Amino acid sequence: MRRLLTFLLVSTIMATAQKTPAPAAFPTADELNQMAARFAPAPLNVDLSSLSAGDKKALAKLIEAGRIVNHLFMQQFWSGDLALYDKLQLDKTPLGKARLHYFWINKGPWSEIDEHKAFLPGVSAKKPAGANFYPEDMTKEEFESWVKAHPDQKEQAEGFFTVVRRDANKQTKLVPYSVEYKADLAHAAKLLKEAAALTDNASLKKFLTTRAAAFSSNDYFESDMAWMDLDAPVDVTIGPYETYNDELFGYKAAFEAYINVRDDKESARLAFLGEHLQEIENNLPEDPQYRVAKLGAASPIRVVNEVFAAGDSNHGVQTAAYNLPNDDKVVQQKGSKRVMLKNIQEAKFKSTLEPISKVVLQPAAQQDLSFELFFTQIVAHELTHGLGPHQIKINGRDTNPRMELKELYSAIEEAKADVTGLFALQYLMTQADKGAGAQPAPLPHGPDAERKLYTTYLASSFRTLRFGLQDSHAKGMAVQFNYFLDKGAFVANSDGTFSVDLSKIKDAVAGLDRELLTLEATGDYAGTKKLMSEMMLLRPEVQKALERLKSVPTDIEPIFVTADKLAGASPVKAKQKKTK
Ligand code: ZN
C-alpha cells in the first residue's frame with residue numbers, strides 16, 4: 001500500500017513537472033544560497049551540567065523522539081514532501097545541495113518568507129491550502145456539506161486529531177492520527193516511555209507517560225493537563241499542536257517538538273518579577289481608581305533553552321516563545337502556559353539586533369547593547385500583559401478593553417505591554433537603588449543598567465518595525481517610537497543614527513503608559529483611533545534607517561550542536577521509501 005502510494009506520488013510529480021515553466025524560472029544555486037543566507041546559522045550549545053545523570057539520558061531519548069516528529073510533520077505538510085526530500089538528497093551538484101539546504105530550512109519546496117512561493121520545479125506554485133490533512137482536491141464547500149450530512153461525525157471531522165481521506169470508492173472518511181501515523185507514533189511513544197523511566201522528575205514522568213498513551217488512544221486531554229503541571233529541569237513539548245498549516249479551516253494540528261532545558265537563573269529573575277506584580281500595579285501611572293486591588297493568578301511562564309526543535313516548530317522563521325495548549329477544554333480548567341526560548345532569543349539578538357545597532361546607534365552607544373536587558377524587557381512585556389485594566393465599566397455596563405477597542409485593541413495592548421514592561425523595570429531598578437546593599441537584587445540596576453535598558457530598547461524598536469505595519473507589535477512600536485521622538489526622549493541625529501535622551505525617557509515612558517492605560521480603562525475607541533491615526537506611521541528618518549537595514553538577516557537557522565553531540569546527528573529517514 002505504502003509502496004503504491006509512493007509510486008503514485010512520484011508519477012504525479014512528474015506529470016506536474018511537464019506543465020511547469022522551464023527550470024530557468026527557478027532560483028539558481030547562487031540565488032538559493034542568498035535566500036538561505038537570510039537565515040543566519042546559529043549553533044545551539046546548551047549547558048547540561050546542572051542535569052542529573054538520569055535526566056541527561058532521558059534528554060537523549062527525547063531528541064530521538066523529536067527526530068520522528070520531523071518525519072511526522074513532513075507527511076502532514078504535503079503529500080509529496082518526503083518523496084521529494086529523498087530525491088533531493090541524491091543530487092550532489094551545487095544546485096542540488098543548495099536546493100536541499102533551502103528545502104530543509106522550509107521543510108518543503110515553498111519559501112515561507114516569500115509568500116510561500118515555490119523555489120523548485122515540479123511542484124504546485126503555491127502550498128496546498130489544506131496541506132495533507134484533506135484530499136488535495138477537496139474544496140471548503142465539499143467538506144462542509146459532508147459534515148452537514150454526517151452530524152454524528154462533526155466533532156471528529158472538525159477536531160484537531162483526524163485527517164480526511166477518500167476510501168477506495170471515493171467516499172470521504174475520517175482517519176484518526178493514531179491510525180494514520182501508527183508506526184511513527186508507536187516508535188515515538190516507546191522513546192517517551194524510556195525517557196519517563198530514566199528521569200527522576202515526577203511531573204516529567206507523568207507528562208511523558210500520558211503523552212505516550214495519547215499517541216495510541218488519540219485522546220490528548222490528560223497529557224495536555226499534565227503538560228500544564230510540568231515543571232522540570234528537562235522541559236518538553238511534543239505532539240500535535242498548532243493549526244496554522246490547515247489554511248482551509250484551521251482545524252488540524254501539526255506535529256511539533258521542543259526539547260528544552262530549564263534556565264534556572266532566568267527562572268529566579270522571573271519569580272522575582274512575579275512577586276512584585278501587585279506592587280507595580282499599585283504604582284502604575286494611571287488614575288488610582290483604575291488600579292486592580294487584587295490581581296488574579298498569573299498564567300505560568302517558563303524560561304528555557306532549546307536543545308532541539310522539530311516539525312512545525314522548526315521551519316522558516318523560528319519560534320521565540322509559545323503559548324499552549326490550544327484545546328479550550330484544557331484552557332478552561334487549567335489556563336495556558338507560556339514557554340520562552342531564551343537561547344533562541346539570544347541567537348536572534350546576535351544575528352539581527354547587533355547588526356541593526358551598528359546602523360541605527362552611534363558608535364559609543366553600541367557597547368550599551370545588552371542581551372540581558374533585552375530579554376528581561378521581553379519577560380516584563382509578557383508579565384505586564386496581565387496588569388492594567390481587563391474588566392471595565394462603561395456607564396454601569398460591564399465590559400473589557402478588547403470589546404470596546406475592537407480591531408485597534410491588539411496594537412494598543414502590545415504597546416501597553418511594551419511601555420508597562422519598561423515602567424515596571426524602571427520602578428524595580430529605582431527600588432533596588434534605594435535599598436542598595438541590602439541584598440543582591442536579581443535585576444541589574446544603577447545608571448549603567450538604565451542606559452543599557454533604554455539604548456537596547458531603541459535598537460530593538462527597529463527590529464520590531466521591520467516586521468511591517470501589518471503586524472500588531474510593529475503598529476504598537478510605531479506609536480511608541482513617534483511618541484518618544486515628540487517628547488525628545490528618542491533623538492534622530494543628522495548622521496542617520498538615533499540616540500536616547502536619558503533625562504527625558506523616564507517621563508516619556510510614564511506619560512505614554514498613562515495615555516495607553518487610560519484609553520483601555522475608559523474603553524475609548526475614538527481616542528484610540530485618534531492616537532493611532534496620528535502615530536501609527538513611519539516618519540521619513542525612520543523609513544530611511546529601515547532601508548539601510550535591508551541586508552541584515554531576517555532570522556536564524558538553528559544548528560542543534562548539543563543535541564547532535566548527545567543523540568548523534570541523523571537526518572530524517574523515510575523508512576518506507578527505501579524500496580525506490
Ligand atoms: Zn505581547
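Small disclaimer: the values here were computed from a predicted structure and weren't measured. In this chain, residues are counted from 1 in sequence order. Atoms within each ligand, like the ligands themselves, are counted from 1 in listed order.
A perpendicular orientation is assigned to the rings of Phe490 and Phe484, their planes being inclined by more than 60° (bins at 30° and 60°).
Around the Zn ion (ligand 1), the two atoms NE2 of His381 and NE2 of His385 are separated by an angle of 90°, to 10 degrees.
Backbone or side-chain N, O or S atoms of His473 do not reach the Zn ion (ligand 1) at under 2.8 Å. When distances to the Zn ion (ligand 1) are checked against a cut-off of 2.8 Å, Glu414 contributes an N, O or S atom below that limit.
For residues 293-305, the salt bridge (Lys or Arg N to Asp or Glu O under 4.0 Å) pairs, not counting sequence neighbours, are Asp231-Arg302.
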### Chi angles and distances behind the side-chain hydrogen bond (donor to acceptor under 3.5 Å, both in side chains) call for Thr384, Thr420
CA-CA 6 Å; Thr384 52; Thr420 309; 5.1 Å; no
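Two residues are said to be in side-chain contact when any heavy atoms from C-beta on lie closer than 4.5 Å; Leu405 and Glu413 fail this criterion.
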